[in-house]
Amino acid sequence: MSADLAKLPIEADIVALVEIVSGELVFDAQGMACGASYRVRVERALKGTIDGELVTFGRYGGYGIGKSYFAFLKTKSRRAPPPLQYTFSSPYSVRPECLAVTPPLEAMSEGLGLIAVEPGNLVKYRPAVSLSSGPYLIPEAIKATRKPGGQVHDGYFYGSVQVEIGDFYDFIHSKLSEEKKEID
């Protein structure tokens, strides 16, 4: 599954640049792992939240406390699947026991909806997001520094890029503006 960067902001309930301020593992009543829960401070809101707000999301683990991310969060279904559709090997997020103890918001696209902001070596170590075409569909139009060896096909860039944080913000903002125009 690939996350289409042009669609993530439109399908998300919350889109923002965030800093993770805390995190913890989440367990069901029997002590079985149900994932992780993170609290983030919104640094720059684009959709569904405001600057400075504290937001909690969960499911996937491995994010760094004190680190900044571009977040595309969606409210997950709180409805348990029919019993025959999950097994002990199913992801913990679909187990009915976990629905009550995990936050309703989660990073979209199986966790790809949280993109780290780090100094980028291709952009003179300025804050940037690093993306590759394995997990992400990267629109050709995004203003980015491309690693040598990639190629463009059918409007998407296949390879690796770094996008300075301001340019990424502008790209996401433009997609949300396009969505608003379609609604009006």
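In this chain, numbering begins with 1 at the start of the sequence shown.
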Return the CG to OG distance between L131 and S160, rounded to the nearest 0.5 Å. 8.5 Å
Got a sec, which residues hit side chain to side chain contact (heavy atoms under 4.5 Å, CB included) with K143, two or more places apart in sequence or on another chain? D167
Is it the case that Y136 and D4 place a side-chain donor and acceptor less than 3.5 Å from each other? no
Side-chain heavy-atom pair S68, E43 within 4.5 angstrom cut-off: yes
Check whether any side-chain heavy atom of E106 sits under 4.5 Å from a side-chain heavy atom of F57, and report yes or no. no
Rounded to the nearest 0.5 Å, what separates atom CZ in R44 from atom NE2 in H173? 9.0 Å
Shortest non-hydrogen contact between H153 and Y158, atoms and distance: O-CE1, 3.5 Å
Please tell me if the side chains of F70 and V18 come closer than 4.5 Å, counting only heavy atoms from C-beta onward. no
Would you call Y169 and L46 a side-chain contact if the rule is heavy atoms closer than 4.5 Å? yes
Please assess I20 against K67 for the test side-chain contact (heavy atoms from CB on, under 4.5 Å), listing each intermediate value before the final yes or no. CA-CA 6 Å; I20 295 185; K67 290 192 162 220; 5.8 Å; no
Of the non-hydrogen atoms in A45 and A16, which two are nearest, and what is the gap between them? CA-CB, 4.0 Å
Determine whether I65 and V55 fall in the same hydrophobic cluster, where Ile, Leu, Val, Met, Phe, Trp and Tyr are linked whenever their side-chain heavy atoms lie under 4.5 Å apart. yes
Does the pair Q162 and N121 meet the rule for a side-chain contact (heavy atoms from CB on, under 4.5 Å), with working shown? CA-CA 8 Å; Q162 286 183 345; N121 63 332; 2.9 Å; yes
Provide the closest heavy-atom pair for V163 versus A144 in the form atom of the first, atom of the second, distance. CG2-CB, 3.6 Å
Just wondering, are more than 12 heavy atoms of other shown residues or ligands nearer than 6.0 Å to NZ in K7? no
Taking every non-hydrogen atom, the tightest pair across G159 and I138: O-CD1, 3.9 Å
side-chain contact (heavy atoms from CB on, under 4.5 Å), that's the test. Do Y38 and L114 meet it? Break it down for me. CA-CA 12 Å; Y38 291 95; L114 215 66; over 6 Å; no
Taking atom CZ of R126 as the centre, report whether more than 12 heavy atoms of other residues, nucleotides or ligands fall under 6.0 Å from it. yes
Cluster check V117, L112: I/L/V/M/F/W/Y, side chain < 4.5 angstrom: yes
Taking side chain as C-beta onward, heavy atoms only, is V42 less than 4.5 Å from E19? no
Could you go through I115 and F72, starting from their C-alpha distance and side-chain angles, then the distance that decides it, and tell me whether this counts as side-chain contact (heavy atoms from CB on, under 4.5 Å)? CA-CA 9 Å; I115 304 171; F72 301 90; 4.0 Å; yes
Minimum heavy-atom separation for G52 to R41, with atom names? O-CG, 4.2 Å
Can you find a pair of side-chain heavy atoms, one from F168 and one from I142, that are under 4.5 Å apart? yes
Closest approach of G48 to I14 (non-hydrogen atoms, all atoms of both residues): O-CG1, 3.7 Å
Polar contact flag, side-chain donor to acceptor under 3.5 angstrom, E110-Y60: yes
Hey, any chance L105 and V21 share a hydrophobic cluster, counting ILVMFWY side chains that come within less than 4.5 Å of each other, even indirectly? no
In Å and rounded to the nearest 0.5 Å, what is the SG to CG distance from C98 to D28? 5.0 Å
Distance, nearest 0.5 Å, that separates CG of D13 from NZ of K74: 4.5 Å
Interatomic distance, NZ@K124 vs CD@E164, rounded to 0.5 Å, equals 9.0 Å
Verify whether one side chain among T56 and R39 offers a donor that lies under 3.5 Å from an acceptor in the other. yes
Straight-line distance of L122 CG to K147 NZ, nearest 0.5 Å: 6.5 Å
Is there a path of hydrophobic side-chain contacts, each under 4.5 Å between heavy atoms, that joins F171 and L17? yes
State, with a plain yes or no, whether a side-chain heavy atom of V161 is found less than 4.5 Å away from one of S130. no
Would you say E97 and M32 make side-chain contact, with heavy atoms under 4.5 Å? no
Does K76 reach the main-chain N or O of L99 with its side chain, forming a donor-acceptor pair under 3.5 Å? no
Common cluster, F27/V101, ILVMFWY with side-chain heavy-atom separation under 4.5 Å: no
Who pairs with A116 by side chain to side chain contact (heavy atoms under 4.5 Å, CB included), at least two apart in sequence or on another chain? Y69, E118
Looking only at the side chains, is there a donor atom on one of S37 and E24 sitting less than 3.5 Å from an acceptor on the other? no
